Asks: 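Sharing a structure here in structure tokens format.
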Amino acid sequence: MTRAAASLVLVALSSTFTKYVPKSGQRIPQSLSRGWGDQLNWAQTYEEALSLSRSTNKPLMVLFHLEDCSQCDALKQALAHDDEIQRILDEDFVVLNVIETVDQNMSPDGKYVPRIMFVDPSMTVRDDIIGRYSNRLYAYEPGDINIQLKLLFHL
């Protein structure tokens, strides 16, 4: 994780002007991305994501959203069009996006969206990685992409 953190800081300080293409080459867009990053390999279920996280020893990023949510759409556009974050997610994370859930374990401070939670490979929700709002701990906005999320992705 330290190497990933160092590379994230360097990435955050530098800028790229090319579209991110995974090391394995151009991927076929999958419906699981729901527009959050067609080049990423999205897990299909929470169980699959946890298994991948354990087997690859990569942290899991779980993104909760709704299809008809203006804040979700704004965050989606910012995240999906940021090549640096797409590269980091592809190389250093297991990713899962979920249309809002009723699972109380994944809603520790409420059922708001968009919400991003991080789970380490030992299956522990990282409650120390939170957004800037005291009443919505896991909420992030498009403006957070350039500062907060890029720093967080260097766990």
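Note that the structure is a prediction, hence the values are computed from the model and not measured. Below, all heavy atoms of this structure are taken into account, side chains as well, without hydrogens, waters or symmetry copies.
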Asks: Looking only at non-hydrogen atoms, find the nearest pair between F118 and M61 and report the distance.
Replies: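 Between these two residues, the closest heavy atoms are CE2-CG, 3.7 Å.
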Asks: Judged by atom type as modelled, is there a donor-acceptor pair below 3.5 Å linking the side chain of Q86 to the main-chain atoms of W36?
Replies: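 Answer holds: yes.
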Asks: Could you tell me which non-hydrogen atom of S53 sits nearest to which non-hydrogen atom of P121, and how far apart they are?
Replies: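 Scanning both residues completely, I find the closest heavy atoms to be OG-CA, 3.4 Å.
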Asks: Rounded to the nearest 0.5 Å, what separates atom CD in E67 from atom NZ in K76?
Replies: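 Separation between the atoms: 5.5 Å.
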Asks: Considering the options V94, V95, V125, L96, which one meets the side-chain contact (heavy atoms from CB on, under 4.5 Å) requirement together with V62?
Replies: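 That would be L96; it is the only one of V94, V95, V125, L96 passing the side-chain contact (heavy atoms from CB on, under 4.5 Å) with V62.
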Asks: To the nearest 0.5 Å, what is the distance between SG (C69) and CD1 (I99)?
Replies: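 Rounded to the nearest 0.5 Å, the SG-CD1 separation comes to 10.5 Å.
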Asks: Counting only N and O atoms by type, is there a donor-acceptor contact under 3.5 Å from the side chain of S55 to the main-chain atoms of S51?
Replies: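 Checking the backbone N and O of S51 against the side chain of S55, a donor-acceptor pair under 3.5 Å is found.
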Asks: To the nearest 0.5 angstrom, please state how far the OG1 atom of T56 sits from the CG atom of D92.
Replies: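 That separation rounds to 10.5 Å.
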Asks: To the nearest 0.5 Å, what is the distance between OG on S70 and CG on L75?
Replies: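 Answer rounded to 0.5 Å: 11.5 Å.
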Asks: Would you name the heavy atoms of D90 and K58 that are closest together and state the gap between them?
Replies: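 That closest heavy-atom pairing would be O-NZ, 4.2 Å.
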Asks: Assess whether side-chain contact (heavy atoms from CB on, under 4.5 Å) is satisfied between M117 and F64, documenting all intermediate values.
Replies: CA-CA 8 Å; M117 297 179 74; F64 297 91; 3.9 Å; yes
Asks: When rounded to the nearest 0.5 angstrom, what distance separates CD in Q39 from CG in L89?
Replies: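 Q39 atom CD to L89 atom CG measures 13.0 Å (nearest 0.5 Å).
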Asks: Please say which of L40, L63, L32 ends up in a side-chain contact (heavy atoms from CB on, under 4.5 Å) with N97.
Replies: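 Single side-chain contact (heavy atoms from CB on, under 4.5 Å) partner of N97 among L40, L63, L32: L63.
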